[in-house]
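Structure record follows, encoded as structure tokens.
Counting begins at 1 with the first residue of the sequence. Owing to the predicted nature of the structure, the values given are computational and were not obtained by experimental measurement.
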Amino acid sequence: MQINIRAISKMAVIALLVGAGSHRAHAGAVITNPSGTVSLGVNDAGHLNFTDGILTAPNGAGGAVGVSIIDGGVRRDSTSPGCLCEGWGVSGSGVSGYANISTDGGVNNLTVDSFTSTATTATSTVHVGTLPDLVVTQAYAPAAEAPDVLFRDLVTITNTGAVAITDVRYVRVMDWDVPPTEFAEFVTIAGTASTTLLARSHDNGFNTANPLGGDAPIIGSTVDVDFADVGPADHGAYFRFDFGTLAAGESKTFSVYYGAGFSEASVLGALGDVGIELYSLGQSGGGAATGTPYTYAFGFKGVGGVVVLPPSGGAVPEPSTYGLIGAAMLGAVVYLRRRKNA
């Protein structure tokens, strides 16, 4: 009999946190797209893995919902088994605020200004506690272009003060735990080379969400590069963006997408439909080739990248294929320029 030490340790972390009563009771909501295929559990500070006690995921720690596909009426979650390790953080002028239930012990230096939800939407607005002019709103709703597969989190970071906020950073991190082989996933990241505002990426889903807290990969070869189907291992995805200076009254808006489907092709097609610039896939230990029984995804748009996938009606090559296409196109441009200048 094999014992999964990391899974046990992750469960132990959850038990200690819950048993110690170390968190205030957070509001939040489990939202589901109109077709009833994908659910998100959104906490009031905007991070995922919310437990409402009603719309639970049976494979999630304590019944939490993070990113779930609904299969035969049952939620199968991809971020909450073992540990509630999904979170985000923002920093500016050397001050940070961040939220990640298990990795960071909950909400740190963020104050929730408002949280509202419907059956399909959830909107969180917070400010950094010791830098109250730095305000972040995250509005979750089904993606208009692919509502059966993806939710869109419209993120707006605003400087509400009269003085510029420098060195503004944003982190999003998650530990993939994909059923039915939780703790043994194949992970893909694509779009790193063409995303100009991306400062750091790798596969460590257990990393702190604090943009000032440092980071390190689980598998060294995943740092700041595209990779496809690395694993199986207990890992996830980490992204940090550097947005520079926000002038007084200035905002930065971009989109984060979360979703799931019953095949890799359907999820890649949906990501292409929304014009994705950077993304990660999580697939089960036996489903790297086809993405079955489930493929989960999260990704970004509006972060200085280019569209890296075609829409669902087009061919859907693997990320490595895009590298070959890009190299061929670059070679053609160089050749034509040389001919023109000859």
Under a 3.5 Å distance rule, please check whether [X] uses its side chain to pair with a backbone N or O of [Y] as donor and acceptor.
X: H235; Y: D175; answer: no
X: N159; Y: A247; answer: yes
X: S80; Y: A64; answer: yes
X: W88; Y: A45; answer: yes
X: D104; Y: A99; answer: no
X: T56; Y: G53; answer: no
X: Q138; Y: L154; answer: no
X: N43; Y: G28; answer: no
X: T195; Y: L197; answer: no
X: T118; Y: T120; answer: yes

Is [X] linked to [Y] within one hydrophobic cluster, defined over Ile, Leu, Val, Met, Phe, Trp and Tyr using a side-chain heavy-atom separation of less than 4.5 Å?
X: V173; Y: L84; value: no
X: I70; Y: V30; value: no
X: I157; Y: V107; value: yes
X: V67; Y: I69; value: yes
X: Y279; Y: Y238; value: no

Classify the side-chain pair [X]/[Y] by whether it contains a donor and acceptor separated by less than 3.5 Å.
X: T156; Y: T253; answer: yes
X: Y170; Y: D242; answer: no
X: D44; Y: S124; answer: no
X: D224; Y: H202; answer: no
X: T37; Y: N33; answer: yes
X: E182; Y: N59; answer: yes
X: D215; Y: T208; answer: no
X: S251; Y: T158; answer: yes

With heavy-atom distances below 4.5 Å as the criterion, would you say the side chains of [X] and [Y] are in contact?
X: F241; Y: R169; value: no
X: V171; Y: N210; value: no
X: R200; Y: V223; value: yes
X: L40; Y: V65; value: no
X: V135; Y: T125; value: yes
X: P58; Y: V74; value: yes
X: P142; Y: L150; value: no
X: P180; Y: R76; value: no

When rounded to the nearest 0.5 angstrom, what is the spacing between [atom1] in [X] and [atom2] in [Y]?
X: T32; Y: L55; atom1: OG1; atom2: CG; result: 6.5 Å
X: S194; Y: E277; atom1: OG; atom2: CD; result: 8.0 Å
X: N108; Y: S96; atom1: CG; atom2: OG; result: 8.0 Å
X: T181; Y: D234; atom1: OG1; atom2: CG; result: 10.5 Å
X: S102; Y: N49; atom1: OG; atom2: CG; result: 7.5 Å
X: H47; Y: L110; atom1: NE2; atom2: CG; result: 9.0 Å

Test salt bridge (Lys or Arg N to Asp or Glu O under 4.0 Å) applied to R152 - qualifying residues, sequence neighbours left out:
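R152: no salt bridge (Lys or Arg N to Asp or Glu O under 4.0 Å) contacts found.
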Ionic contact status for R75 with D77, cut-off 4.0 Å
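R75 and D77: not salt-bridged.
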In plain terms, say whether D153 and R172 are close enough for a salt bridge, that is, a side-chain N and a carboxylate O under 4.0 Å apart.
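Salt bridge between D153 and R172, a charged N being under 4.0 Å from a carboxylate O: yes.
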Does the side-chain contact (heavy atoms from CB on, under 4.5 Å) test come out yes or no for V42 and L48, once each step is laid out?
CA-CA 5 Å; V42 184; L48 303 186; 3.9 Å; yes
For the pair L309 and V307, evaluate side-chain contact (heavy atoms from CB on, under 4.5 Å) and give the outcome as yes or no after the intermediate values.
CA-CA 6 Å; L309 287 172; V307 177; 5.6 Å; no
Return the set of residues passing side-chain contact (heavy atoms from CB on, under 4.5 Å) with E145 (not counting sequence neighbours), or none when no residue passes.
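Per chain and number, E145 pairs via side-chain contact (heavy atoms from CB on, under 4.5 Å) with A143, D273, V274.
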Assess whether side-chain contact (heavy atoms from CB on, under 4.5 Å) is satisfied between W176 and Q283, documenting all intermediate values.
CA-CA 8 Å; W176 286 122; Q283 297 168 317; over 6 Å; no
Do [Y] and [X] have ring centroids that are under 6.0 Å from one another?
X: F300; Y: F239; answer: yes
X: F298; Y: Y296; answer: no
X: F243; Y: F254; answer: yes

Quick one: do N207 and T103 satisfy side-chain hydrogen bond (donor to acceptor under 3.5 Å, both in side chains)? Show the steps, please.
CA-CA 7 Å; N207 207 98; T103 302; over 6 Å; no
Steps toward side-chain contact (heavy atoms from CB on, under 4.5 Å) verdict (D167, T245)
CA-CA 6 Å; D167 191 20; T245 296; over 6 Å; no
